[in-house]
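Worksheet: the structure to be examined is printed underneath.
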Amino acid sequence: MTNEQYFTAKDLKSDIVTLENVYTEIKANHSVAFTILSGQTERIESVILRIDFEEFVHEEIIKLNKEFEKL
């Protein structure tokens with residue numbers, strides 16, 4: 001494994017863990033919010049976006065795991 005592959009794998013694993021934590025919170029019916037650069041927190045309010053975001057997070061976990069396994 002090259003240094004580049006190592007750092008790519010490390011970054012992928014970090015992102016996978018982050019997304020898995022987010023997904024766990026979503027499944028527990030906790031609100032999703034983002035902290036933007038200004039320090040302000042913005043919540044996802046609509047049910048439509050919550051559902052879409054949950055699907056997105058789940059799909060990204062699958063995709064990143066596949067990329068991680070390739071390395």
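Side-chain heavy atoms closer than 4.5 Å link hydrophobic residues (I, L, V, M, F, W, Y) into clusters, and following such links, even through other members, never connects V17 to F68. Clustering ILVMFWY residues whenever any of their side-chain heavy atoms sit less than 4.5 angstrom apart, transitively, puts V57 in a cluster other than the one holding I51.
Distance CD/E42 to CD1/I36: 5.0 Å, rounded to 0.5 Å. Between the NZ atom in K66 and the CG atom in L64 there is a gap of 11.0 Å [rounded to 0.5 Å]. Rounded to the nearest 0.5 angstrom, L12 CG and K63 NZ are separated by 10.0 Å. Atom CD in E54 sits 11.0 Å away from atom CD in E59 (nearest 0.5 Å).
Comment: E67 engages K70 in a salt bridge, judged by a side-chain N to carboxylate O separation of less than 4.0 angstrom.
Remark: the backbone N or O of S14 is paired with a side-chain donor or acceptor of T18 at under 3.5 angstrom. A donor-acceptor pair is defined here as one N or O able to donate and one able to accept, closer than 3.5 Å; no such pair exists between the side chain of E55 and the backbone of D52.
Annotation: side chain of H30 is not in contact with side chain of I26 (no heavy-atom distance under 4.5 Å). With a 4.5 Å cut-off on side-chain heavy atoms, L71 and Y6 do not count as touching. Side-chain contact between V32 and R50 is absent, with no heavy atoms from C-beta onward closer than 4.5 Å.
The local environment of CD1 in I48 is sparse, with at most 12 non-hydrogen atoms from other residues, nucleotides or ligands closer than 6.0 Å.
With E60 as reference, L19 is the one residue of N65, L19, I16, D15 to meet the side chain to side chain contact (heavy atoms under 4.5 Å, CB included) rule.
In this structure, F53 has its ring center under 6.0 Å from that of F34.
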